Amino acid sequence: MIWDMDPGIDDAVALLLALSRDVQVDGITTVAGNVEVQQTTKNALRVLGYMGRLDIPVGMGMPKPLVRELHTCREVHGEDGLGECGLPEPEAEPVHFLELWRYPPHKAICTGPLTNVAVALLSIPNLSSALREVIIMGGALHLKPWGCGNVTADSEFNFYVDPEAAKIVLESGIPITLIPLDVTADPKLAFTRALLEELEPETPPARLVSHMLDFMLGRQGSVNLHDVVAVAYLIDPSMFEVEEQKVKVELYPVRGKLVRDPQGVLLNVCLSVSPKDLIQVVLEGLGFRRRS
Ligand code: RIB
Ligand code: CA
């Protein structure tokens, strides 16, 4: 599987969970999003180094969206993008991201703005027919109270940052399973200070996640780890309710709003997940024990 990401704390926690659950990650490409692409690239390499997995190649991707100005999210993820977690500087160098997309595995997961994926689809002949399953964390369909935007009232961050890329990818014909805020922003999936205090981190990934959650909870009352939900789908899709929906990405006047539209493209869209099952998969997978 190839993974396009913008670490970012929730991308990093998702990667720690995937590696802890022995999910096969053949390559990671990094994109500008939560922080600039130089930093998202460093962060992917820092987390891989921490997990002893520098065998996984990292490709450095696009420094800005296709058309719009870059919009980052340092206020949530911290100056280094990983909650000032103190991980050492990378011990490896990235390659060019298209090298990893040129001969892709059949499965991909995307947890950042879709700039890299759009450029890869436009640059590499037959890429869209090589991909058999693409899981995308992004968008907000306003189907649930928490399914509103998280950048503006209308738009989710990944689709807001690069709406043109999101439109290109969603309309490319690749088989997409979309995981929108309508699922990932569910308050029943939120980490709180009280929950964190109940948890005993028993592994290196759990200790690093504790630090990053502590950072985020120092800035907000509760934390939804959106990208972790996308990886949980990868690990056990049976926890999720999925339905086909016709959707499209609006570019103007609203930047990056995802809407249902009878003329839209037909995608598999996750509508809900069992909070109890998901939280158990995440905590057990990372190596947390609940203090009795
Ligand atoms: O809206 C949530 C998404 O935007 C997540 O992927 C988070 O990492 C940010 O990229
Ligand atoms: Ca992300």
Side-chain angles (χ1 to χ4, degrees), residues 2-18 25 28-37 39-44 47 58 61-62 64-65 68 70-78 80-83 85 108-117 134-142 144 146-163 165-166 169 176-187 189-191 209 212-213 215-216 219-220 222-234 249 255-258 269-270 273 282:
I2 186 165
W3 189 339
D4 193 72
M5 58 169 66
D6 63 333
I9 290 174
D10 59 332
D11 302 75
V13 177
L15 179 55
L16 290 163
L17 174 61
V25 180
I28 290 174
T29 55
T30 48
V31 68
N34 287 315
V35 290
E36 284 75 9
V37 70
Q39 192 64 49
T40 58
T41 306
K42 275 188 180 180
N43 290 342
V47 173
V58 173
M62 301 298 286
K64 71 172 292 296
R68 316 290 175 122
L70 178 59
H71 178 97
T72 58
C73 200
R74 277 196 152 73
E75 65 278 7
V76 171
H77 298 271
D80 75 337
L82 292 186
C85 63
I109 183 169
C110 311
T111 59
L114 292 167
T115 317
N116 287 350
V117 185
V134 181
I135 298 165
I136 296 175
M137 191 279 131
L141 277 168
H142 298 73
K144 304 277 177 60
W146 51 82
C148 51
N150 59 357
V151 181
T152 66
D154 293 307
S155 305
E156 178 276 331
F157 180 84
N158 290 335
F159 282 21
Y160 176 86
V161 167
D162 199 338
V169 173
I176 291 169
T177 298
L178 189 67
I179 303 183
L181 292 181
D182 306 78
V183 181
T184 69
D186 184 338
L189 298 180
F191 281 83
V209 170
M212 294 193 282
L213 281 174
F215 177 88
M216 293 184 94
R219 298 181 169 204
Q220 52 198 71
S222 68
V223 172
N224 280 67
L225 296 173
H226 305 286
D227 299 335
V228 172
V229 181
V231 162
Y233 178 82
L234 197 65
V249 180
R255 176 175 170 172
K257 180 175 183 179
L258 182 68
V269 177
C270 287
V273 65
V282 172

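On a predicted model such as this, the values are computed, not experimentally measured, just so you know. Atoms within a ligand are numbered from 1 in the order they appear, just like the ligands themselves.
- Remark: minimum distance from atom 1 (O) of ligand 1 to any protein heavy atom is reached at Glu156 OE2, 2.6 Å.
- Proximity to Thr111 (heavy-atom distance under 4.0 Å) selects the following atoms of ligand 1: 6 (O), 10 (O).
- No option in Thr72, Thr40, Asp6, Asn158 other than Asp6 meets the side-chain hydrogen bond (donor to acceptor under 3.5 Å, both in side chains) test with Asn34.
- In terms of protein heavy-atom proximity, atom 9 (C) of ligand 1 is nearest to Asn34 OD1, 3.3 Å.
- At the top of the distance list for atom 8 (O) of ligand 1, counting protein heavy atoms only, stands Asp10 OD1, 2.6 Å.
- For ligand 1, the atoms lying closer than 4.0 Å to a non-hydrogen atom of Asn150 are 1 (O), 2 (C).
- Here the N, O or S atom of Asp6 that is nearest to the Ca ion (ligand 2) is OD1.
- Rounding to 10 degrees, one finds that the Ca ion (ligand 2) sits at the corner of an angle of 130° between Thr111 O and Asp11 OD1.
- Panel note: side chain Asp11, backbone Met5; no donor-acceptor pair is recorded below 3.5 Å.
- Atom numbering of ligand 1 starts at 1 in the shown order; those under 4.0 Å from a heavy atom of Asp6 are 8 (O), 10 (O).
- When you scan the N, O or S atoms of Asp227 for the one nearest the Ca ion (ligand 2), you land on OD2.
- The protein atom (non-hydrogen) at minimum distance from atom 6 (O) of ligand 1 is Asp227 OD1, 2.6 Å.
- Smallest separation of non-hydrogen atoms from Val183 and Trp146: N-NE1, 4.5 Å.
- Within the 4.5 Å cutoff, no side-chain heavy atoms of Val161 are placed close to those of Arg68.
- Judged by distance alone, the side chain of Glu36 and the main-chain N or O of Gln39 form no donor-acceptor pair under 3.5 Å.
- For the atom pair CD1 (Ile135) and OG1 (Thr111), the distance works out to 11.0 Å, reported to the nearest 0.5 Å.
- Residues Asn224 and Thr184 bring no donor and acceptor atom of their side chains to less than 3.5 Å of each other.
- The distance criterion of under 3.5 Å between nitrogen or oxygen atoms is not met by His226 with respect to ligand 1.
- Panel note: side chain Asp154, backbone Gly149; no donor-acceptor pair is recorded below 3.5 Å.
- Among the atoms of Met5, no N, O or S atom falls under 3.0 Å of the Ca ion (ligand 2).
- For the Ca ion (ligand 2), the N/O/S atoms of Asp10 include none lying under 3.0 Å.
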